[in-house]
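Here is the naming used below: chain letters follow the sequence lines, and residue numbers restart at 1 for every chain. Hydrogens, waters and symmetry mates are skipped; everything else that's a heavy atom, side chains included, is used.
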Amino acid sequence: MISIDTTHPNTAPFLSLEAVRKTYPGVVALDRFSMEVRPGEVIGLVGENGAGKSTLMKILGGVTRPDSGTVTVDGAAHDGLIVEQSIGSGIAFVHQELNLFENLDVAANIFFGREPLRAGPLKLVDRAKLREMVAPLLKRVGANFSADAPVASLSLAQQQMVEIAKALSIKARLVILDEPTSSLPIAETEKLLDVIKGLKAEGISVIFISHRLHEIERVADRVVVLRDGTLAGTLAKHQINHDEMVRLMIGRMLKEREKAGEAARAPGSVALSAHAIRTSTYPDRPVSLELRRGEILGLAGLVGSGRTELARVLFGIDERLAGNVTLDGKPLDVGSAADAVANGIFLVPEDRKLTGILLDLSIAQNISLPNLPAHARRSLVSTGAELATAEKQKKNLGIKAPSVLTRTGTLSGGNQQKVVLAKWLAMDPKVMILDEPTRGIDIGAKAEIYGLMRALADAGVAVLMISSDMEEVIGVSDRIAVMHEGQISGILDRQDFSQENVLLLAVGKKPKLLQAAGGVE
Amino acid sequence: MSKKDLGLLILILVVGAVVTAINPRFLSTINLANTSNLVALFGILSIGQAFVIITGGIELSVGSLIALLGTLFIDFIAVREVNWPLAFVLILVLGAIIGFVHGWLITRLKLQPFVVTLCGLLIYRGVARFYTADGTAGFAFGQNFPDLEFLTAGRSGGVPNSFIALIVISIVMWVVLHRSVFGRYLYAIGKNEEAAKYSGIRTDRVVTSAYVICGVLTALSAIYFAMYTRSISPASHGQFYELYAIAAAVLGGFSLRGGEGSLVGVILGTVLLQELQNLVNLLGIPSSLNFAVMGGVILIGVLVDQQWGVFRARRRMMEATRQNVAGAPAE
Amino acid sequence: MSKKDLGLLILILVVGAVVTAINPRFLSTINLANTSNLVALFGILSIGQAFVIITGGIELSVGSLIALLGTLFIDFIAVREVNWPLAFVLILVLGAIIGFVHGWLITRLKLQPFVVTLCGLLIYRGVARFYTADGTAGFAFGQNFPDLEFLTAGRSGGVPNSFIALIVISIVMWVVLHRSVFGRYLYAIGKNEEAAKYSGIRTDRVVTSAYVICGVLTALSAIYFAMYTRSISPASHGQFYELYAIAAAVLGGFSLRGGEGSLVGVILGTVLLQELQNLVNLLGIPSSLNFAVMGGVILIGVLVDQQWGVFRARRRMMEATRQNVAGAPAE
Amino acid sequence: RADDKPTLAFVVNGASDFWKAAEAGVKKAQGELPDYNLELKYPEQSSVAIQQRLMDDLVTAGVKGIMVSAVDPKTSTDGLNKIASETALFTTDSDAPQTKRVAYIGSSNVDAGKQAAEIAKKAMPNGGKCLGFVGLLGADNAKERIQGMKDGLAGSKIELVDVRGDDIDQARAKKNVEDALVASPDITCMVGFYSYNTPRIYEALRDAGKLGQITVVGFDDDPITLGGVKEGTVAATVVQQPFEWAYQGMKLMAAYLKGDKSGIPAGNLIIIPTKIIGKDDVDAYAANLKAMAGN
Ligand SMILES: Nc1ncnc2c1ncn2[C@@H]1O[C@H](COP(=O)(O)OP(=O)(O)OP(=O)(O)O)[C@@H](O)[C@H]1O
Ligand SMILES: Nc1ncnc2c1ncn2[C@@H]1O[C@H](COP(=O)(O)OP(=O)(O)OP(=O)(O)O)[C@@H](O)[C@H]1O
Ligand SMILES: [Mg+2]
Ligand SMILES: [Mg+2]
């Protein structure tokens, strides 16, 4: 175990954890864990899915209490914190799962619980002052929406910006960011990294959780690695590098991910073709797209460019206003998700907590749900068949859980995502649409999911992968379509793949192509 | 049978034992038959309600529906002299149609179940009262329908035929709710409708079906109630029966948030409620306290159930902690 | 005033114009005074209900509470000869305590609001009936309380004092709901209670306060109702008033899922409901249809509101589509 | 409405078949009073507030006279006085003597209770134990009937041991009878105080095979009650005459409004006595009912 610390050797720690232990029924989420946070220090916290990162942060946020161990803040030792204590000692917390109030506006959300008051006993909100206080915060996170916008009208990424602005608004001494970038595309991520550097300069400590290790490499002063709830090691600034983090996380070296540039496969026939589709978010922008068998088509774009909307229309959740869709050359009318599923078009949605899985059902019940008639005889469910399917998928995908009867809600984010994938893989996909499939997923699982997508493509499935992770889009796709304000601004073939090209298309500019006959419409 | 249901059963038996100790006639065959008849009538109603509650919905109009459909049934066979099996089927179909309309308004037009069925509560009773011009629908003296009366109010070997019907319906509905694909869909939708939709379930159809089932069972119980009272004043007939049905479901472990509850639970809930009503009469408690006793027992039942759950969870956690502390060095 | 409220106001005015055209007495001062008095009584009740609904809860016991607290109030001042201001305060305190107990059961013991208040509905009326031994609480002949009567049933310059009270209460509650931190927390909790808790809000306290507010306002309206009828048969007094209050809130744009609705809306909802009742009587529509008319209008109102939203969204979309199809070549 | 004929309203205390006969009486009076609009109004619920509101609205709509069966006459003095100050107010069914009402026309519930006692005494000369059934125990008419019966039974060997309420839920009304048969097997007589209670007693007894073994005393004229009387399984029933209340009342009101006060007696009380309908009277009574309805 390495634990040399060179950053702030002389300052007293703001916060320290001693031998913290937290169990859930059947799971030891944290065990004998200790760490310290010094003023002005940026700590990168990494670990596989379910390693205990969020649990640790929840303890600091006062949301859960540890079973044993001590939390010392400013020299005062506690058995555990409550939310008020945590906030009172200057700990600001951006949760992994968003916690905003859709029915309130952005400003109200940012200063929720800390509203500026007008004089008088009635505790009236000083709305002018509130607006004044919010403006600089929104600017700092680079928001492209106004302070009066209802949160319900914002996209997931925009909501994440609101969460970050909220954390900044607290005169915090420690800001905890639990996967703040999981649905942020590259430009916004850059801004966030700048924000972190700014905080550090002001002497504010940051704990930054991310599965995008290169982000950690760029900002962290120290990296703390969790493995199965215990401290796997600490890396000082000069020791931080990708491979080392991976080694500590999973206990071995990971094989280099398949890089682009291998021999391009012969493209298959067109599986799904969308012609001049209009969606309700961008009714004025028709979208046309062809998806071939055996390919992974990456779909990139900036926040709110309309990718999720397109996926929802193809999957029959949202209404198609115009245009037509064909599957294997035959016209297809998808009026509901059930129609899509019946035709072998599956979607892994971006918000797994709300739409991907049923948190209250077991893993097995989630997996069999879309294909229940196949697990039934004369309309009566056969539990045996259900368990068999689930066991198989659990093994295939390496879902980490005590059993397939475990409630899905108790799984870590990454394992929940695997359950979503499992339910579709157990069926027979023709077209697989994945919306941010690796959002919040650890590096080992990510590699597995890439492998799964590749295997699907090799088996002749048409895969559409929506992703805001540039590395991922470039590393995994066979072709990349880029959306800009509701339209496909261009399609890149493998020889033209580059971050620059994707970005240019994403902001509506022409890419630099090797061959003149590029995919620009 | 789940632990929850077992607890309820024990409560029913304990109350029964206490009442028997005070008034042994509680266990007389005639009292058991009378009470089981009402258990059947309210049970059929409550099963219907349970199907709706499990989807996270609610059906407030059942009391009014019992007034409307009962009035129509008696009017059909007593006044208009429709052949009774035909009238019987007509009423069930009407129940199904009304359930369908509720389901349609809720799933297609996205209205809230509480609102739709609250309007139903207001409208159906009004229609029934208008239909009879605020009078009473009833049989003339000596008007008899021996077959119908045997089926609805008759007894076979001392057991009310309505109770036999309840048992048959319960078994069928138990299979539907706990073993069938449809039942699983109901639970899934109750837990998270969006996610169920994303899994390719036609949630609109499933939810609508639940309201149709509720409508049909309500119509059936409306006929039973009509044949029990043999006379209906639409202004008061069936008033508050939706509360009985909901209370039975809640006592039986259903959550009004949806996705929880068992068929055995709702039957036991109904039994307990009828036992309480019976007890008030048998022990000579003032009738004014009837509802108060019911409310008190529901509250206590729900409270004990809830606190018991908390206690168990806490104990389990303690044990886990202890074990883990003990086992730690070995790791 | 939001668009929703404006729509409701227009509906109220249109209905009023139609009724006036048929029977001009609708606008007579005496009719306006009578109706505004009832608007006040039900309005106070509905505002209380609205505070609970906004947190995602529901308060079903208000009708029974009106019976219980009204009975006690009359009993205190008419029989036990308690000085009336003291009795007035006592009743409000009792309302607050009951609201507090509901809030406590809901937030601390984690019972569902529907269940807790359903039990309240059953229990309070039973207690009131037991208290009067199923009789009536009323004033003796000639028993008068000039000050109290002036405040509750009197008029100032033709305007019922109860209506003036409603206006004052509305203004205060509007500020509380729409301008204070507490109001903001109510909305937030209604939408996402967990998140509010994570933000360090003592959600339990806020929710409990909402029930206390509801309890106090219900107690106040119980006194008004008692002074309006001057006699209370606990078996029927205030029956179904919870439905009036909920209906007013729903008509006024409240969602039973919580987190939505405005104070102006609930007042307008109350006005519309009372206008409908008034209309049924003034136009000689059979009273049996009274509830049916109410149910029909609520259903239509909610439907139109919902469909109007869908229609507008679609039209906006269509327009955008048309414009761009026309403008496409220019791109 | 267009025609300017003055309107007279008969406001009942709740929806019930009992008032169907009054409707017929109003109809008959209408035939004889072409200069008036006569209406019979049901409040949508049997509650003071709703009835008060209905009357307020009727006054607003310009009604010239109201005859009301008040839900709670004893304590509604102020409300009724308010109506009386704006229009001619008559009471029926149950009186409100302290109010400024013009007159009361109706029967005496206490006397009706006493007649029920007569029936019981005649049917059970050797005494017995009676159990009563009623909708709302707290309602005035129920209390008066029960009191009248108790007064009438005083000194005899018959006792009214208990009265069970059902809140006008007919399923509960029937179950109450069934439960009573279980709980008190020594009961020899049952009294149905509300119009629907007697038929429920009749049916519960029939289901239990006890028709004829238990003396049934009825009130009002539900078809099942009359059938039982005819059959001999119901001892007799006490009937009021809402038809006469309505018919005579409306004519009286019309005369009063024209300035003819001769119909109002000195005590302002017009009592139309209740009648006992036994086995021998039932056919004539039923024929009369039918004839009235045909009006
Ligand atoms: N409420 C809960 N009930 C039961 N088990 C839980 C609960 N919350 C977390 N766990 C378990 O605790 C362990 C740690 O979970 P945690 O959410 O801290 O992981 P994580 O490191 O944040 O993972 P990810 O990267 O996927 O977010 C997991 O095994 C998880 O299943
Ligand atoms: N629920 C909603 N209501 C209103 N507007 C929405 C909603 N969800 C998304 N939008 C808006 O629709 C547009 C397209 O959003 P969509 O989620 O389809 O984009 P995306 O390309 O998938 O981006 P993201 O990276 O946010 O997922 C955005 O402008 C967003 O603000
Ligand atoms: Mg996590
Ligand atoms: Mg998206």
Side-chain angles (χ1 to χ4, degrees), chain B residues 58 60-61 64 105 109-135 234-235 239-240 243-244 246-247 250-251 254-257 285-303 305-307 309-310, chain C residues 58 60-61 64 105 109-135 234-235 239-240 243-244 246-247 250-251 254-257 285-303 305-307 309-310:
Chain B
I58 198 154
L60 296 174
S61 71
S64 297
L105 287 169
L109 300 189
K110 313 271 175 243
L111 300 184
Q112 296 179 42
F114 195 100
V115 175
V116 169
T117 60
L118 174 64
C119 292
L121 179 157
L122 296 169
I123 293 172
Y124 302 139
R125 189 174 298 281
V127 172
R129 289 175 64 170
F130 187 71
Y131 189 85
T132 61
D134 256 330
Q239 216 166 36
F240 290 119
L243 296 188
Y244 282 84
I246 296 169
V250 167
L251 262 179
F254 281 74
S255 161
L256 293 167
R257 298 185 197 98
I285 297 172
S287 329
S288 57
L289 281 180
N290 194 324
F291 283 114
V293 169
M294 209 163 112
V297 170
I298 298 175
L299 189 61
I300 293 169
V302 174
L303 254 176
D305 177 60
Q306 213 277 340
Q307 291 305 98
V310 169
Chain C
I58 197 153
L60 295 173
S61 71
S64 297
L105 287 170
L109 301 190
K110 312 272 175 241
L111 300 185
Q112 295 180 42
F114 196 101
V115 175
V116 169
T117 60
L118 174 65
C119 292
L121 180 157
L122 296 169
I123 294 172
Y124 302 140
R125 190 175 297 282
V127 171
R129 290 175 63 172
F130 188 72
Y131 188 85
T132 61
D134 244 335
Q239 216 166 35
F240 289 119
L243 296 188
Y244 281 83
I246 295 168
V250 166
L251 264 178
F254 281 73
S255 162
L256 293 168
R257 298 188 196 97
I285 298 172
S287 337
S288 59
L289 282 179
N290 196 327
F291 283 117
V293 168
M294 207 162 112
V297 169
I298 299 174
L299 189 61
I300 292 169
V302 174
L303 254 177
D305 177 59
Q306 213 276 341
Q307 291 306 96
V310 171

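Of the two parts of Gln306(B), only the side chain, counted from C-beta on, holds a non-hydrogen atom closer than 4.5 Å to a non-hydrogen atom of chain C. For Val250(B), the part lying under 4.5 angstrom from a heavy atom of chain C is the side chain only. Contact annotation for Leu118(B): only side-chain heavy atoms (C-beta onward) come within less than 4.5 Å of a heavy atom of chain C. Only the side chain of Leu289(B) comes within contact range of chain C, with at least one heavy atom under 4.5 Å from a heavy atom of that chain. For chain C, the nearby parts of Ser255(B) are the backbone and the side chain; heavy atoms of each come within less than 4.5 Å.
Less than 6.0 angstrom separates the ring centroid of Phe240(B) from the ring centroid of Phe240(C).
Applying the side-chain hydrogen bond (donor to acceptor under 3.5 Å, both in side chains) test to every pair with at least one member in residues 115-126 of chain C, sequence neighbours left out, gives these pairs: His102(C)-Tyr124(C).
When each of Ser64(B), Pro286(B), Gly120(B), Gly295(B) is scored by its heavy-atom pairs under 4.5 Å with chain C, the top score falls to Gly295(B). In terms of heavy-atom pairs under 4.5 Å with chain B, the best-connected choice from Ile298(C), Val116(C), Ile58(C), Leu109(C) is Leu109(C).
The environment of Phe130(B) atom CZ is sparse: at most 12 non-hydrogen atoms of other residues, nucleotides or ligands sit within 6.0 angstrom.
Considering only heavy atoms from C-beta on, Leu299(B) stays 4.5 Å or farther from Val115(C) through its side chain.
Summarising the geometry, atom CG belonging to Leu243(C) is positioned 8.0 Å from atom CG belonging to Leu60(C); distances are rounded to the nearest 0.5 Å. If you take CG on Leu111(C) and CG on Leu105(C), they are separated by 5.5 Å, rounding to the nearest 0.5 Å.
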